[in-house]
Novice: 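Dropping the structure in here first, questions after.
Side chains included, hydrogens not; waters and symmetry mates left out as well; all remaining heavy atoms used.
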Amino acid sequence: QVQLVESGGGLVQAGGSLRLSCGASVSTGTILSMGWFRQAPRKGREFVAAISWNGADTFHADSVKGRFTISRDNLKNLIYLQMNSLNPEDTAVYYCAAPSPHGPALTGSNVGSLSLWDYWGQGTQVTVSS
């Protein structure tokens with residue numbers, strides 16, 4: 001059983017920064033690849049960023065490249081999403097996600113597919129005011 005809990009959302013002015021965190025509760029010795037998605041009102045859930053289990057590979061959506069950075073601390077079982085230069089279009093509920101430990105490795109072709117991700121957090125609201 002995998003449980004994911006996000007934190008760090010809030011209200012920020014355009015141009016500001018926020019850092020989201022996601023803690024993963026997993027079996028001892030299990031380290032998962034993980035990712036971030038977001039869902040704005042009246043829109044579908046979209047891929048934001050992902051990171052492999054050892055942090056060697058990262059993926060970022062084109063819409064956030066150069067502004068958002070995903071990272072992880074495996075000693076703490078945490079991943080982070082550092083969000084800089086936020087704009088109102090970034091307003092959404094942000095979800096942490098993880099694939100099955102037995103699933104395929106992350107690639108640039110599969111990270112955006114919702115079907116890859118088996119576990120989801122409850123989401124944290126990010127609101128960017130203009």
Side-chain angles (χ1 to χ4, degrees):
Q1 185 71 14
V2 176
Q3 292 185 321
L4 305 173
V5 179
E6 304 96 335
S7 61
L11 174 64
V12 64
Q13 288 188 328
S17 298
L18 280 175
R19 188 177 80 158
L20 305 183
S21 300
C22 175
S25 175
V26 297
S27 301
T28 302
T30 300
I31 305 176
L32 300 172
S33 295
M34 296 179 73
W36 290 98
F37 284 73
R38 66 186 182 186
Q39 188 163 15
R42 298 175 298 281
K43 292 189 177 180
R45 194 165 296 190
E46 67 171 354
F47 170 74
V48 175
I51 188 165
S52 60
W53 68 273
N54 59 359
D57 298 308
T58 60
F59 308 87
H60 296 82
D62 288 343
S63 59
V64 306
K65 276 181 182 175
R67 301 189 299 123
F68 293 10
T69 303
I70 190 170
S71 62
R72 68 186 302 153
D73 183 339
N74 283 348
L75 292 179
K76 298 180 179 179
N77 273 348
L78 290 171
I79 67 164
Y80 305 100
L81 185 68
Q82 178 65 45
M83 305 186 294
N84 299 328
S85 301
L86 285 160
N87 58 61
E89 289 70 39
D90 296 315
T91 295
V93 177
Y94 283 71
Y95 296 91
C96 178
S100 165
H102 310 293
L106 300 185
T107 69
S109 299
N110 69 14
V111 288
S113 174
L114 290 175
S115 63
L116 177 69
W117 304 90
D118 296 286
Y119 304 100
W120 296 88
Q122 82 288 350
T124 185
Q125 177 71 46
V126 172
T127 303
V128 185
S129 63
S130 57

Novice: Indicate yes or no: at least one non-hydrogen side-chain atom of Gln125 is less than 4.5 angstrom from one of Thr91.
Specialist: yes

Novice: Give a yes or no on whether the backbone of Ala105 and the side-chain of Asn110 come within a donor-acceptor separation of less than 3.5 Å.
Specialist: yes

Novice: Among all residues two or more places apart in sequence or in another chain, which pass the salt bridge (charged side-chain N to carboxylate O under 4.0 Å, His left out) test with Arg67?
Specialist: Asp90

Novice: Tell me which pairs pass disulfide bond (SG atoms under 2.5 Å apart) where either residue lies in residues 59-93, with sequence neighbours left out.
Specialist: none

Novice: Donor-acceptor pairs under 3.5 Å, side chain of residues 3-23 to any protein atom, not counting sequence neighbours: which ones?
Specialist:
{"from": "Glu6", "atom 1": "OE1", "to": "Gln122", "atom 2": "N", "distance (Å)": "3.1"}
{"from": "Glu6", "atom 1": "OE1", "to": "Gln122", "atom 2": "NE2", "distance (Å)": "3.3"}
{"from": "Glu6", "atom 1": "OE1", "to": "Gly123", "atom 2": "N", "distance (Å)": "2.9"}
{"from": "Glu6", "atom 1": "OE2", "to": "Cys96", "atom 2": "N", "distance (Å)": "2.8"}
{"from": "Glu6", "atom 1": "OE2", "to": "Gly123", "atom 2": "N", "distance (Å)": "3.2"}
{"from": "Ser17", "atom 1": "OG", "to": "Asn84", "atom 2": "OD1", "distance (Å)": "2.9"}

Novice: Ring pair (Phe, Tyr, Trp, His ring centres under 6.0 Å) with Phe37: which residues, sequence neighbours excluded?
Specialist: Phe47, Trp117, Trp120

Novice: Honestly curious: do Tyr95 and Ile79 fall in one hydrophobic cluster under the side-chain, below-4.5 Å linking rule?
Specialist: no

Novice: If you link ILVMFWY side chains whenever their heavy atoms are less than 4.5 Å apart, which other residues fall into the same cluster as Leu78? By chain and number, please.
Specialist: Tyr80

Novice: Which residues pass the side-chain hydrogen bond (donor to acceptor under 3.5 Å, both in side chains) test with Ser63, not counting sequence neighbours?
Specialist: none

Novice: When you measure from the side chain of His60 to the backbone of Ile70, do you find a donor-acceptor pair of N or O atoms at a distance under 3.5 Å?
Specialist: yes

Novice: Through direct or indirect side-chain contacts below 4.5 angstrom among Ile, Leu, Val, Met, Phe, Trp and Tyr, which residues connect to Trp53?
Specialist: Ile31

Novice: Please, which pairs that meet salt bridge (charged side-chain N to carboxylate O under 4.0 Å, His left out) have at least one residue in residues 69-81, sequence neighbours excluded?
Specialist: none

Novice: Provide the full list of salt bridge (charged side-chain N to carboxylate O under 4.0 Å, His left out) pairs with a residue in residues 118-130, sequence neighbours left out, each pair given once.
Specialist: none

Novice: State whether the side chain of Thr124 and the backbone N or O of Tyr94 hold a donor-acceptor pair below 3.5 Å, judged by distance alone.
Specialist: no

Novice: Using the test ring pair (Phe, Tyr, Trp, His ring centres under 6.0 Å), find all partners of Trp36 that sit at least two apart in sequence or belong to another chain.
Specialist: none

Novice: Could you tell me which non-hydrogen atom of Ala92 sits nearest to which non-hydrogen atom of Ala40, and how far apart they are?
Specialist: CB-N, 3.8 Å

Novice: Look up atom CG in Asp57 and atom CD1 in Ile51, then write down how far apart they are to the nearest 0.5 Å.
Specialist: 9.0 Å

Novice: Is there a side-chain contact between Leu32 and Val26 (heavy atoms, below 4.5 Å)?
Specialist: yes

Novice: Before you tell me yes or no, could you show the steps for Leu106 and Leu116 under side chain to side chain contact (heavy atoms under 4.5 Å, CB included), namely the whole-Å CA-CA distance, both residues' side-chain angles and the distance that decides it to 0.1 Å?
Specialist: CA-CA 9 Å; Leu106 300 185; Leu116 177 69; 3.6 Å; yes

Novice: Ser113: what forms a side-chain hydrogen bond (donor to acceptor under 3.5 Å, both in side chains) with it, not counting sequence neighbours?
Specialist: Ser115

Novice: Give every residue pair that meets the salt bridge (charged side-chain N to carboxylate O under 4.0 Å, His left out) criterion with at least one member in residues 92-106, sequence neighbours excluded.
Specialist: none

Novice: For residues Met83 and Val128, determine if any side-chain heavy atom of one lies less than 4.5 Å from a side-chain heavy atom of the other.
Specialist: no

Novice: Check whether Val93 and Val48 end up in the same hydrophobic cluster, where Ile, Leu, Val, Met, Phe, Trp and Tyr are linked by side-chain heavy atoms less than 4.5 Å apart.
Specialist: no

